[in-house]
Amino acid sequence: MANTFTPAPWPRRLRSQEWFGGATKDAIYHRGWMRNQGFPADLFDGRPVIAVMNTFSELTPCNAHMNPLVEKVKNGVYEAGGFPVEVPAFSTSESGFRPTAMMFRNLAAMSIEEQLRGLPIDGAVLMVGCDKTTPSLLMAAASTDVPSIIVTGGPMLNGWFQGERVGSGTHIWKFSEAVKAGEMTMDEFLDAEVAMSRSAGACNTMGTASSMASMAEALGMALSGNAAIPAVDSRRRMMAQLTGRRIVQMVKDDLKPSDVLTRAAFENAIRTNAAIGGSTNAVVHLLALAGRVGVDLTLDDWDRCGRDVPTIVNLMPSGKYLMEEFFYAGGLPVVLKRLGEEGVLHKEALTVSGQTMWEQVKDVKNWNEEVILPRARALTASGGIAVLRGNLAPRGAVLKPSAATPALMVHRGRAVVFENIDDYKARIEDEDLDIDETCVMVLKNCGPKGYPGMAEVGNMGLPPKILRRGITDMVRISDARMSGTAYGTVVLHCAPEAAAGGPLAIVQDGDMIELDVPNRRLHLDVAEDEIARRLAAWTPAHEVPQSGYAWLHQCHVEGADTGADLDFLKGNRGNPVGRESH
Ligand code: FES
């Protein structure tokens, strides 16, 4: 495939020279302060200054192992003739940030964007891992268009408990429900706690972190093979060093995010997400990222591009294995090659390596057909995210077919409504709750404005009295998100959300709801005039914050159907060097 990118001439003056170049008072001022760190004078001679954007935090456990990888990146930058500088980046912990890390994805993106623009930076290595760290740094890079490349921290090694693989997140949900069903003791659950996280790294399932690492690679924003290398594997450190070398050449060539993040790249990523059984969270993140580079990506592109792509990666939560085995089988390049062979990959898409996607993957081999399955044994023939519409979600909702129960894909049931997550928690274990397995559980006010932040609570657990009967899935509908590690027949991201007056807000106990995934339909079986009457009488139930970032978020966050970005952050604002700093 032809590579149409034309590298910029080198040498030329880089933006960092607006700070460091020459013998002016200002240049001496900028260099002088930097030299308190012992940097020799020649590091300021016009070579590429590379920001190593480090999302390390001990309270972001999935990224807590970043620092040795940063050193490898720096080695690579030095080797290639660049000047690496480590810059701490806002770190969003999925497992600990309240009310939800998603509320801070845009804040992180905004802060990192301003670092990339306001500092003497020519290129950036984005060191990411936990779920929101990947989209937030990508969004920042896209809005500044500073040459940037991703290197992820990598997934944890396989978890093992009582002789079986246990996956991050996925087994939290399974074990928690087993305890409620009386199939597991609480002591066993406590023993399993550390077995699920036996090494440094991000979640080892095809959860959101692994999905987003795969999205970065499929978009062309990471070196080939990056996504699956375990965090503690020596090849992860090698990947970091090679990434450091590569970013220097990217700066010299002026290979920017806008050269890579084209419509073709997004379509490749959507099809990849279907093939890997990736997270529904990738939908909101890629929509938001596309908004930063001006690619007109819509929710319907997810359905259109992914619909005929089978899920062939046999990883939890959809399948059996974990990221460690995915790496041993050959990882994402094998999947991309398969898409290319089946004619659904934009082979000519440019990547940060300077090669096209096809040039990178055409010669790889699948080393384990139990992990990366042949099409004939796909987990599901239609692995793409299903985009549902109807009077309950006029602007769309999503469902992950590979994680759902086939028998529930067409279902009509009586609504059991929870007004918010506190209402759900207060009543779900009530033995007198009027619910059976044919009902449809409805959770409101958990969208971008409602929670606030669109928490991962859409896969709300089933009532214990139903779990005890061995039933493990019911249709659930909400405006929330779901952890990428979770599973079930779960309709998510209903838009407009309840807190913005979407129709979800007026569903009542006893209403009948129809889900028809094959026909992409989500219908509230209530007369139109009654729906109109209820909507006219609706008033917001959630409290609107009066100050701080929560207020900013509340006032400006958009719906899940367009990526839940802040309205004023959309677009590419470039990287002008601006005025002098003193
Ligand atoms: Fe951080 Fe899963 S909670 S990667």
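Just so you know, these numbers come straight off a predicted model, no measurement behind them. We count ligands from 1, going down the list as the structure has it; atoms in each ligand are counted the same way.
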task: May I have the step-by-step check of side chain to side chain contact (heavy atoms under 4.5 Å, CB included) for M460 and M441, ending in yes or no?
output: CA-CA 9 Å; M460 57 193 129; M441 296 169 67; 3.7 Å; yes
message: Check this for me, if you would: do R237 and E71 make a salt bridge, where the nitrogen-to-carboxylate-oxygen distance has to be below 4.0 angstrom?
response: no
- prompt: Taking only protein atoms, how many N, O or S atoms are found under 2.8 Å from atom 1 (Fe) of ligand 1?
  reply: 2
field: Salt-bridge present (R105, D131; N to O < 4.0 Å)
entry: no
- request: Walk me through it: do W173 and T485 pass the test side chain to side chain contact (heavy atoms under 4.5 Å, CB included)?
  value: CA-CA 9 Å; W173 323 129; T485 62; 3.1 Å; yes
message: Using side-chain hydrogen bond (donor to acceptor under 3.5 Å, both in side chains), reason through S143 and N572 one step at a time and then give a plain yes or no.
response: CA-CA 4 Å; S143 278; N572 171 356; over 6 Å; no
S199 (side chain) donor-acceptor with L157 (main chain) under 3.5 angstrom: yes
